[in-house]
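Report on one structure; see the data block that follows.
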2 protein chains.
Amino acid sequence: MQRSDILQAAAQAFRQKGYHAASMQDIADAVQLQKASLYHHVEGKQDILLAILDHALDLLITDLEEVVATDLPPDQKLRQAMHAYVGRLTQDADLAAVLLLEYRSLEPKARAQHIRRRDHYERIWRDLIKEGVQANIFQPVDETVATFALLGVQNWMITWFKLGGPLTAQQLADRFCDLFLHGLLTSEGHSKQ
Amino acid sequence: MQRSDILQAAAQAFRQKGYHAASMQDIADAVQLQKASLYHHVEGKQDILLAILDHALDLLITDLEEVVATDLPPDQKLRQAMHAYVGRLTQDADLAAVLLLEYRSLEPKARAQHIRRRDHYERIWRDLIKEGVQANIFQPVDETVATFALLGVQNWMITWFKLGGPLTAQQLADRFCDLFLHGLLTSEGHSKQ
DNA sequence: ATAAAACTACCGACCGGTCGGTAGGGAAAA
DNA sequence: TTTTCCCTACCGACCGGTCGGTAGTTTTAT
């Protein structure tokens, strides 16, 4: 039995029931341990949540920094970043769902610290958009709004996407990216504007 | 003291703490009643949650059906729908946040029923997109993906948007809509494709 | 007078967490 | 080589506290 096994089981439980509704007993059952034995590996329930959130954010930051370090043009960087992000959200779905939906359950101190790291991650995305705008590849949009829109589309995916459905994660990332790059309107739609 | 006062206070508590972390005592304090007195107006905690979700969905469905009943062109219908949606999400923020984030806490039976109604609501959006595609105003995108993208951007807004910030809700709806209709790429960006 | 609305007091269940204790394997001491 | 020791991993039992909910009574308003 390893600490990481407990974190994984906890992530699954937190995702399914939510942090407060999932009990330490649920987690213990999932790893076939007595509840008391969990405290040999972790300090408490909050400790588990914090470890999950830190780990999830670590993965995402690593992924994204790999992409922005390339010398691809901005629109292709964006596509790569979306592929990586959607990939993580589907591959490590439990971790991702807890990151996006359960960070509210952190106690104020830890939450403030976590939010600072999350903002740093969002700034990397915003800089990616800004790079495209300054290169005149992207239109002069409000970078903050565009970033939240981009992240919103992808984040909301975790609430409805099911592996094994009609689309793979990579196909979905491509369609999201196409939508963002080209928009909905046809030339006919444009001419009517 | 009216039932609706309790529902409003409960929505606020559920939004701030989450359904399970918010206690009946919290709700009672907010309406300056003893906890036991709540049970004169509502059947229980689940009853409160269900009433909030039903009410929130009622408002959204009414808003959206008003828009689709007009004879505006599809792209303008979309803009109107987004204005109405973003308006609700910011005006009735407590209701909306509970609708989008706390429906998971419904017991299985009620949840299944609620999800059916929510799917009906999403189908109205999808039909709106489909109408634009068939009129050749929108590109032949996958209507389901486009709908989830559209709703995702707007739904995620409730996690970061603050009234009194640099943008009003209506300005934000417009920027979202522009992004969706025209996309990010400039003509320079297109020429490089 | 009477019914609605609020109160006080209480319940069983479950929560996160702690306690003392133990099985067993490897290191240290004889 | 054998015995002592210690450490990791785990367990059953239990703690104080909080939860949603109920019973019975008093206050308030018509």
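When reading the values below, keep in mind they use all heavy atoms of this one structure, side chains included, and skip hydrogens, waters and symmetry mates. Everything numeric here is computed off the predicted structure, so don't read it as measured data. Lettering of chains follows the sequences in order, A, B, ..., and the numbering in each one begins at 1.
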Whole angstrom value for the distance that separates [atom2] of [N] from [atom1] of [X]:
| X | N | atom1 | atom2 | value |
| --- | --- | --- | --- | --- |
| A/H41 | C/dG17 | NE2 | C1' | 16 Å |
| B/D29 | D/dT18 | CG | C1' | 14 Å |
| B/D26 | D/dT18 | CG | P | 12 Å |
| A/K35 | D/dA9 | NZ | C1' | 18 Å |
| A/M24 | D/dA13 | CE | P | 20 Å |
| A/E107 | C/dG16 | CD | C1' | 12 Å |
| B/L49 | D/dG20 | CG | C1' | 14 Å |
| A/L33 | D/dG12 | CG | P | 10 Å |

Candidate nucleotides D/dC10, D/dG20, C/dC7, ranked by approach to the side chain of B/A36 - the nearest: C/dC7

Counting side-chain heavy atoms from CB outward, which of C/dA6, D/dC19, C/dT18 is closest to A/Y39? C/dT18

A side-chain contact here means heavy atoms from C-beta on lying under 4.5 Å apart; do A/D54 and A/R117 qualify? yes

Closer than 4.0 angstrom, basic N to acidic O: yes or no for B/D29 and B/K35? no

Salt bridge check: are B/R79 and B/D178 linked by an N-O gap of less than 4.0 Å? yes

Check: D/dG21 base within 3.5 Å donor-acceptor of B/K45 side chain: no

Does [N] have its OP1 or OP2 closer than 4.0 Å to a side-chain nitrogen or oxygen of [X]?
| X | N | value |
| --- | --- | --- |
| B/H40 | C/dA6 | no |
| B/H20 | D/dG20 | no |
| B/Q25 | D/dT18 | no |
| A/S37 | D/dA9 | no |

Please work out if A/Q34 contacts a base, only the sugar-phosphate, or nothing of the nucleic acid, heavy-atom cut-off 4.0 Å. sugar-phosphate

Look at all strands and tell whether A/A22 reaches a base, only sugar-phosphate, or nothing, counting heavy atoms closer than 4.0 Å. sugar-phosphate

Check the orientation of A/H114 and A/Y103. Use parallel for under 30°, tilted for 30 to 60°, and perpendicular for over 60°. tilted

Test log, rule side chain to side chain contact (heavy atoms under 4.5 Å, CB included), inputs A/V86 and A/M157: CA-CA 8 Å; A/V86 169; A/M157 185 203 68; 3.8 Å; yes

